[in-house]
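Only one structure is covered here, and it is reproduced in the block below.
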Amino acid sequence: MTDISTRAREILERLGAGNPFDEDGELVARSPIDGGVIGRLRAHTPQEAAAAIGRAQEAFELWRAVPAPVRGRLVRELGELLREHKHDLGALVTIEAGKIVSEGLGEVQEMIDICDLAVGLSRQLHGLTIATERPGHRMMEQWHPLGVVGVISAFNFPVAVWSWNSALAFVCGDAVVWKPSEKTLLTALACQALIEEAARRAGAPDGLSQVLLGDRAIGEALVDDPRIPLVSATGSTRMGKEVAPRVAARLGRTLLELGGNNAAIVAPSADLDLTVRGIVFSAVGTAGQRCTSLRRIIVHESIRADLVSRLKAAYETLPIGSPLETSTLVGPLIDEAAADAFLRAIKRAQADGGTLVTGGTRADGVAGGQYVRPAIVDMPEQTEIVRDETFAPILYVLGYRDLDEAVGLHNAVTQGLSSSIFTLNVREAETFMSAAGSDCGIANVNIGPSGAEIGGAFGGEKDTGGGRESGSDAWRSYMRRATNTINYSTELPLAQGVEFS
Ligand code: UN1
């Protein structure tokens with residue numbers, strides 16, 4: 001057994017997940033750090049999935065009767081456990097997803113943050129009172145628990161995305177059945193162990209949170225089950241385009257977070273030191289494997305050469321290697337397919353006339369892992385490969401002459417998750433954030449497109465799915481709205497002036 005495998009097993013033990021391994025299991029838990037096997041796990045069958053949904057449904061019926069502020073206790077306990085185990089869970093994220101130590105810890109912090117938000121929210125699930133046209137009447141809205149929420153999540157945020165959905169779903173009175181990525185099974189089991197402990201402490205019903213390990217068949221079990229009114233799915237646009245019509249065919253709801261191909265406009269007035277730091281974090285953080293990763297720079301021609309040379313210099317000092325080393329800034333890609341896609345995309349960009357400024361090759365790292373040098377490719381125009389999302393650290397550079405052209409290039413892709421502009425010019429900043437500017441769900445000024453905090457609603461437009469998770473009023477997706485009209489008079493006036501006597 002490798003050191004990494006031993007370490008993962010020790011962490012699972014400490015987090016209360018025991019020894020979940022089964023030598024005959026169909027699923028393989030690996031670490032992208034060295035590509036090594038940590039252990040095998042058994043997949044759930046579709047029959048087991050159906051039974052789990054049934055148990056979640058029963059738990060939901062008990063849970064929805066618990067007052068929301070009391071439900072908040074479950075999430076408070078989860079937040080406490082996450083604080084206590086932040087170091088271990090963060091390390092497991094590093095081992096299983098390949099994130100550097102700081103980003104593994106950051107992901108757990110994001111979970112703690114959403115728990116804090118959800119606990120407060122448990123006392124703030126509010127509806128409106130609306131003026132009625134009828135005397136002696138009152139009209140109002142109530143938000144009720146929705147049911148069992150199906151969560152399908154991706155490898156790149158293996159624990160935070162579950163928590164964004166679950167923390168809100170639990171305070172909203174729902175149950176959650178989760179299908180994590182097949183690439184991040186252990187972090188999912190760790191979260192499940194923590195939420196089960198939180199449920200014991202809070203006296204929440206058994207079965208409120210379930211995790212189902214498996215492939216497509218398990219995803220389909222969630223997508224097609226009429227007992228699941230909401231499927232929240234994070235992953236590729238291709239996956240979302242399969243999930244959405246199937247859930248819609250049974251008139252279920254979806255909340256989709258699909259891919260991204262995010263850009264930053266760099267205007268002539270930009271503070272270039274700050275801009276370079278913002279760009280490098282967003283383009284290279286998580287080895288370019290965030291939905292929010294920066295993949296396109298649209299820079300004013302007057303500063304293009306200067307920006308590119310500063311970025312090249314910064315890229316060439318990036319420490320690449322094992323994400324367990326605290327000095328590393330670029331860890332491995334998740335698997336060989338990701339590295340192949342990276343190398344293929346660079347070849348295509350070069351064939352389109354792009355100039356490889358730096359990187360774009362395999363890098364030394366830990367034997368068995370897929371390490372690459374983050375790439376900058378200066379492009380003559382926004383060709384198809386630039387408009388495609390390659391989930392890897394490639395940064396395409398495009399030039400512009402006026403802001404209209406920049407916004408045009410910015411919006412000329414099918415994706416619409418996150419975006420940013422670097423400028424000290426208030427007209428440009430406000431134009432970029434206006435309705436005529438960025439068409440994304442997130443539009444930032446003087447920070448990159450990644451690294452959103454949980455207080456805002458998170459999600460995108462167009463091919464990125466239209467869903468909104470985490471902060472603001474995203475909680476409403478996890479509840480159903482009832483409009484109530486109450487007559488406290490002795491008359492029965494009808495709306496719209498209808499007479500019926
Ligand atoms: C994702 O990549 O799926 O804004 C989520 C960010 C993180 C979340 C990214 N807070 O980069």
Side-chain angles (χ1 to χ4, degrees), residues 82 90 93 96-100 102-117 151-168 178-181 183-184 187-188 191 232-240 243 255-264 277-295 329 331 333-334 338 389-393 395 415-420 438 440-445 447-461 463-472 474:
L82 288 167
V93 169
E96 210 179 25
K99 289 190 187 191
I100 62 169
S102 176
E103 289 187 284
L105 292 171
E107 186 169 346
V108 182
Q109 185 59 46
E110 197 158 343
M111 303 173 81
I112 295 168
D113 295 344
I114 191 73
C115 286
D116 283 356
L117 181 134
V151 175
I152 297 175
S153 64
F155 80 85
N156 64 331
F157 273 80
V159 292
V161 168
W162 167 75
S163 72
W164 294 350
N165 283 284
S166 297
L168 295 189
W178 178 24
K179 184 211 168 293
S181 162
K183 294 169 189 165
T184 49
T187 42
C191 290
S232 173
T234 303
S236 66
T237 299
R238 189 182 48 72
M239 178 276 290
V243 166
L255 195 173
L256 301 172
E257 300 290 354
L258 312 172
N261 188 10
N262 314 296
R277 280 191 283 139
I279 289 174
V280 176
F281 169 65
S282 278
V284 170
T286 321
Q289 299 170 110
R290 293 193 188 205
C291 296
T292 50
S293 287
L294 175 58
R295 210 152 279 122
L329 289 180
L333 294 181
I334 191 69
E389 180 189 30
T390 303
F391 219 53
L395 183 63
Q415 307 86 356
L417 178 61
S418 189
S419 60
S420 61
S438 161
C440 293
I442 300 169
N444 296 331
V445 176
I447 58 168
S450 68
E453 42 186 284
I454 53 85
F458 181 90
E461 299 299 329
D463 274 2
T464 53
R468 290 297 183 277
E469 283 174 331
S470 88
S472 185

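First listed ligand is number 1; within each ligand, the first listed atom is number 1.
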Looking at side-chain heavy atoms only, is the closest gap between Trp178 and Cys191 below 4.5 Å? yes

With Asp113 via salt bridge (Lys or Arg N to Asp or Glu O under 4.0 Å) - residues at least two apart: none

With no hydrogens and no angle check, just 3.5 Å: does a side-chain donor-acceptor pair link Ser450 and Ser282? yes

The protein residues that pass the under-4.0 Å heavy-atom test against ligand 1 are Glu110, Asn156, Phe157, Trp164, Arg290, Cys291, Thr292, Ser450, Gly451, Ala452, Phe458

Modelled atom types, side-chain donor and acceptor of Thr237 and Asp463, under 3.5 Å: no

Under 4.5 Å between any side-chain heavy atoms of Gln415 and Arg295, yes or no? no

I need the minimum non-hydrogen distance between Ser418 and Asn444, along with the two atoms involved. OG-ND2, 4.3 Å

